2 protein chains.
Amino acid sequence: MFIIIMNLQLDQIKDKLIEHNIRPSYQRIKVLEFLLNHDIHPTIEEIFHELAPDIPSLSKATVYNTLHALVEGGLARVISIDENEKRYEAMLKNHGHFKCENCGCIFNFGIDIDQLIVSDLAQFSVKEKSVYFKGLCPDCIKKQILIIKEGN
Amino acid sequence: MFIIIMNLQLDQIKDKLIEHNIRPSYQRIKVLEFLLNHDIHPTIEEIFHELAPDIPSLSKATVYNTLHALVEGGLARVISIDENEKRYEAMLKNHGHFKCENCGCIFNFGIDIDQLIVSDLAQFSVKEKSVYFKGLCPDCIKKQILIIKEGN
DNA sequence: GTTCCTGCAAAAGCTTTGCAGAAGA
DNA sequence: TCTTCTGCAAAGCTTTTGCAGGAAC
């Protein structure tokens, strides 16, 4: 029973790829599955290490190729909130990204990005909008307060 | 007279560096001057090639070091609107960046970023906000229309 | 059967590092 | 004088490329 459910999920992902004109190889299905089921904005490295046990022959070049294909096909997007690393996520609408400068975690937050209409850009054709914030997450704020208290 | 004005400008830039605890070497003064006087969001490469004629001994490592120092000191910021290249600008407030996907130009646009308050982030400490848009600039829209007309 | 993808290894870029000499405080 | 910066070269990463075999259509 469990296996049937799993197969259904994989079939749905396969269909998504076909809809977007991406040939549904096993590697691509697994990468997209990982993005859809883990909202952790992984790097290429993280995706590779996560999938390598399941696909022993997996090559990092394939992970690069796959993510390019997914981005190209509109199924994933790059998050460049941190200029030193590229992170990826399955395409979702209307959220921004917050990166904690202490722990490095990236959080989604709800924001109506389409509402951001800018008069300066009246003559422009805007196709993609990204909102990136940085600062401290609640956990790290608590930790910093503790450190300050201990320090005194 | 012109020379005096130039020197004054360089002195002002020198003072800016000192205020931010950055030792004002000639290289650093020239890099910051370039950022302040050219609103073109240059890459490291572009800054290097622009300054190399004036400072024949200039090393790219120094340009890297300098920009790290300026960003660290709060005098410059990184623009990661394009995940494949880092661009730099002198620190300015309240504007977003638009990148034309056709010509690659980056435009500033006015936006009151501080007004972007997000209820999901009530528990977070937000220190930096970036807004990046992509699409087509007015010139490229015109060119595309021409291409379509010629195509028919 | 054709086309496209994968995996490997090599190549290409970009960025950092180590160090000796030079410049700034 | 002491500290910090520069410039060079080498090293370290990340990403891309070329190609032979394999998978998808």
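Treat the numbers as computed from the prediction; the structure is a model and nothing was measured. Below, each value reflects all heavy atoms present in this structure, side chains not excepted, and no hydrogens, waters or symmetry copies. Order of the sequence lines fixes the chain letters, A, B, ..., with proteins taken first and strands second; residue numbering starts at 1 for each chain.
- Atom CG in B/L51 sits about 11 Å away from atom P in D/dG7, given to the nearest Å.
- Between B/K16 and B/E19, no side-chain nitrogen of the basic residue sits less than 4.0 Å from a carboxylate oxygen of the acidic one, so the salt-bridge criterion is not met.
- Using a cutoff of 4.0 Å between basic side-chain nitrogens and carboxylate oxygens, B/E83 and B/K99 are not scored as salt-bridged.
- At D/dC5, none of the side-chain N or O atoms of B/T66 fall inside 4.0 Å of OP1 or OP2 (strictly under the cut-off).
- Rounded to an integer number of Å, the gap from B/Y26 OH to D/dG7 C1' is 17 Å.
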### Task
May I have the step-by-step check of side chain to side chain contact (heavy atoms under 4.5 Å, CB included) for B/L10 and B/E33, ending in yes or no?
CA-CA 7 Å; B/L10 289 184; B/E33 184 198 23; 3.7 Å; yes

### Task
Let me have a per-nucleotide readout for nucleotides 7-17 of chain C, 5' to 3', with B, S or -, counting only protein heavy atoms under 4.0 Å.
BB-----SBBB

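- Atom NE2 of A/H49 is separated from atom C1' of D/dT14 by 14 Å (rounded to the nearest Å).
- Exactly one of B/I18, B/L36, B/L75 qualifies for a side-chain contact (heavy atoms from CB on, under 4.5 Å) with B/I13. That residue is B/L36.
- Whole-Å rounding puts the B/R23 CZ to D/dC2 P distance at 14 Å.
- A/I47 has its CD1 atom 14 Å from the C1' atom of D/dT14, to the nearest Å.
- B/N94 places no side-chain N or O within donor-acceptor distance of the main-chain N or O of B/D112, the cut-off being under 3.5 Å.
- An end-to-end axis angle of 40° holds for the helix from C/dG1-D/dC25 to C/dA25-D/dT1, taken from five base pairs per end and rounded to 10°.
- The number of heavy-atom neighbours closer than 6.0 Å to CD of A/E72, taken from other residues, nucleotides and ligands shown, is 12 or below.
- In this structure, A/F48 places its CZ atom 14 Å from C1' of D/dT15, rounding to the nearest Å.
- Side-chain heavy atoms closer than 4.5 Å link hydrophobic residues (I, L, V, M, F, W, Y) into clusters, and following such links, even through other members, never connects A/L67 to A/M91.
- Using cut-offs of 30° and 60° for the angle between ring planes, the A/F98 and B/F124 rings count as perpendicular.
- The distance from atom CZ of A/R87 to atom P of D/dT14 is 12 Å, rounded to the nearest whole Å.
- C/dT6 atom P lies 11 Å from atom CD1 of A/I29, rounded to whole Å.
- Using a 30° and 60° split on the angle between ring planes, B/H41 and B/H97 fall in the perpendicular class, above 60°.
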